[in-house]
Amino acid sequence: MGNRWLTLTSNLGLETASGASYAFGVYSDQLKNITGFSQDEIQTVASTGNIGLYFALIAGIVFDKVGPKTTLAIGVILSTSGYLAMWAGAKGFLPGDVAAMSVYAFVWSNGSSWFDTVAIAANIRNFPEDRGRVTGLLKSIYGLCASIITVVYSSFFKSEDASEAIDILLFLAVMSAAVGVIGIPTTHLVGPQQTLAIRGDQLKYITGAMWLLLLLGAYLLVVAILEEEGAVRERQAWPSALMVPLLMMQGILLIPAWHEIKAKRTEAEGPHSPKQPLLSDPDGAFDGSSVDSAGSNAPTVSGSSLIDMAKDANFWLLSCVTMFGTGAGLTVINNIAQQVKAVRDREGGGDASLYIVLISVANCGGRLFWGYCSDRFSHINRCGWLTIISASTAAAMFVCAFSDINVLILGSLWMGFSYGGYWAVMPGILAELYGTKWFAVAYSVVSLFPALGSFVLSATLTGSLYDQNTAPGDADCYGKKCFHEAYTIIACLCVFGTALGLILTHRTQKATDFAAANG
């Protein structure tokens, strides 16, 4: 018997493992040192990982055809084996050249995409009236994961010996396996009777989980600042107390799950007990295809096929806006360690852990903020919010392009906050415009565009200009020039994306307003 609150709780764990993909910057320098890769080569590995992360088309097809459990099982195999292979490649047990490491990165990051597809698609269907809040919550823990992994790395793995530090990959393999195994029996698609709007007495649990997430983000930020100031030594275990608010958050969401279980038992023992309980799924395998918040009279097609979407100009506008904005965000995330080193200009002064945490915490806050706003202030449709996010991304990119070491703090926060908004708003736009019958496929197709944006903007553009600005004989580039030109070009592309967003908003205003008004 399915329980959507239990599904939401366990899927927070899935998003934690999936979001570990954003933590590549935590150990990328150590991986670069142990393998002897150039910056262009390490960016090739990172960008190939991004392609794997957003190449979720097969995951979407499997989810829509056979459901979440098989999808999760495949994700566990891919993610765990990919991390183990990259660890073995770094240690010399398996081939460790650029091509091999890129394949390993693709495998574990693609496994993460299977986790993410299950979490988002299942909960979009289970909570059709509260997509912004639920997606924002799931994507917030996803965005915060880089900070969590950073603290775990500093507490247990950080070392001057790159061979020891790279053992973080073993931890990520075990974590992926654990959350996947827990998620398989606890993830369900519930029947139509259970997909009502969250009641007022239940909303407090979602709100409480959001506040705990913000508390966790503040805690991680304080730990990062203390580490930057030298107040926390390497391999101290106390920062790992971050598990307390994580467990509390999941505990809060288990309360409505328990209430639903008790309500079903009470109903089953009542006058309807000879029949199937009213709130249960008679087959235990509801596919969720009929759940669509747009309503039966909405001017969009409930459950539009991929071919229908491909014929719609709005689909391509949405994909392009997402590509420019998320490509910009991923470029900053993938290069933050190298940019910190560059703008310090040989002065030293610590690693990039603080900046990684800043991006991650702001990413989490952005997902909560933009998700809440898109639900709360529905007079601006979700495409309008996407356009605002795109404009914010362009501004953040200009700040990063002209940053010194102090201004980069602002740029990191701003970019993380803006980047998080895409993932809080975009899934809701897809569900409102095209329904939920083939949502997982649509979501996975749009998710290809961040991968394309990352590869073109990060590996091809930024990596090449970085190497061009590196002085002969130096392994690293120093000075603002390393990223200034590339980031300025990317910022201009984000401005172009904002213009496309305005067109999309105008085209979809009537349809999305109707969907919001009719739930």
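One-based numbering along the sequence shown. Note that the structure is predicted; figures quoted are calculated from it, not measured.
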Parallel, tilted or perpendicular, as decided by the 30° and 60° cut-offs, for the rings of Trp5 and Phe127: perpendicular
Mutual orientation of the aromatic rings belonging to Trp385 and Phe377 [parallel < 30°, tilted 30-60°, perpendicular > 60°]: tilted
Any [X] side-chain heavy atom under 4.5 Å of [Y] side chain:
{"X": "Asn11", "Y": "Leu14", "result": "yes"}
{"X": "Tyr142", "Y": "Arg367", "result": "yes"}
{"X": "Tyr83", "Y": "Val174", "result": "no"}
{"X": "Trp114", "Y": "Leu72", "result": "no"}
{"X": "Tyr443", "Y": "Pro427", "result": "yes"}
{"X": "Met415", "Y": "Ile359", "result": "no"}
{"X": "Asn334", "Y": "Ile42", "result": "no"}
{"X": "Asp116", "Y": "Lys139", "result": "yes"}

Donor-acceptor pair, distance only, cut-off 3.5 Å: does the side chain of [X] make one with the backbone of [Y]?
{"X": "Ser81", "Y": "Leu78", "result": "yes"}
{"X": "Asn126", "Y": "His188", "result": "yes"}
{"X": "Ser10", "Y": "Thr7", "result": "yes"}
{"X": "Ser109", "Y": "Gly49", "result": "yes"}
{"X": "Ser458", "Y": "Thr331", "result": "no"}
{"X": "Ser418", "Y": "Ile389", "result": "no"}

Where [X] and [Y] come nearest, the two heavy atoms and their spacing:
{"X": "Ser140", "Y": "Leu213", "answer": "CB-CD1, 3.6 Å"}
{"X": "Lys69", "Y": "Ile184", "answer": "NZ-O, 2.8 Å"}
{"X": "Gly428", "Y": "Arg382", "answer": "C-CD, 3.8 Å"}
{"X": "Trp414", "Y": "Ser392", "answer": "NE1-OG, 2.9 Å"}
{"X": "Ala17", "Y": "Ser112", "answer": "O-OG, 4.1 Å"}
{"X": "Pro450", "Y": "Leu330", "answer": "O-CD1, 3.7 Å"}

Phe106, CZ: over 12 other non-hydrogen atoms inside 6.0 angstrom: yes
Leu57 atom CG, neighbour heavy-atom count above 12 within 6.0 Å: yes
Pairs meeting criterion side-chain hydrogen bond (donor to acceptor under 3.5 Å, both in side chains) with involvement of residues 311-320, two or more places apart: Asp312-Tyr434, Asn314-Arg507
Residue pairs, two or more places apart or on separate chains, that pass side-chain hydrogen bond (donor to acceptor under 3.5 Å, both in side chains) and touch residues 420-429: Thr393-Tyr422, Tyr419-Trp423
Partners passing side-chain hydrogen bond (donor to acceptor under 3.5 Å, both in side chains) against Thr71 (at least two apart in sequence or in another chain): none
Contacts of type side-chain hydrogen bond (donor to acceptor under 3.5 Å, both in side chains), residue Trp370, not counting sequence neighbours: none
[X] [atom1] to [Y] [atom2] distance, which is reported to the nearest 0.5 Å:
{"X": "Ile120", "Y": "Ser444", "atom1": "CD1", "atom2": "OG", "answer": "13.0 Å"}
{"X": "Leu84", "Y": "Ser176", "atom1": "CG", "atom2": "OG", "answer": "9.5 Å"}
{"X": "Thr505", "Y": "Leu500", "atom1": "OG1", "atom2": "CG", "answer": "10.5 Å"}
{"X": "Thr498", "Y": "Leu386", "atom1": "OG1", "atom2": "CG", "answer": "9.0 Å"}
{"X": "Asn381", "Y": "Thr387", "atom1": "CG", "atom2": "OG1", "answer": "8.0 Å"}
{"X": "Leu216", "Y": "Cys364", "atom1": "CG", "atom2": "SG", "answer": "7.5 Å"}

Verdict with reasoning, Cys383 to Ile429, per side chain to side chain contact (heavy atoms under 4.5 Å, CB included): CA-CA 7 Å; Cys383 293; Ile429 295 174; 3.9 Å; yes
Verdict with supporting geometry, Ile490 and Thr462, side chain to side chain contact (heavy atoms under 4.5 Å, CB included): CA-CA 9 Å; Ile490 296 171; Thr462 304; 3.8 Å; yes
Residues Leu172, Met175; criterion side chain to side chain contact (heavy atoms under 4.5 Å, CB included); working and verdict: CA-CA 5 Å; Leu172 295 175; Met175 182 179 73; 4.0 Å; yes
For Phe369, all residues meeting ring-ring contact (aromatic ring centres under 6.0 Å, His included), sequence neighbours excluded: Phe417
Those residues that, when tested against Tyr487, pass ring-ring contact (aromatic ring centres under 6.0 Å, His included) (two or more places apart): Phe483
Trace of the side chain to side chain contact (heavy atoms under 4.5 Å, CB included) decision for Phe24 with Val45: CA-CA 10 Å; Phe24 184 79; Val45 175; 4.1 Å; yes
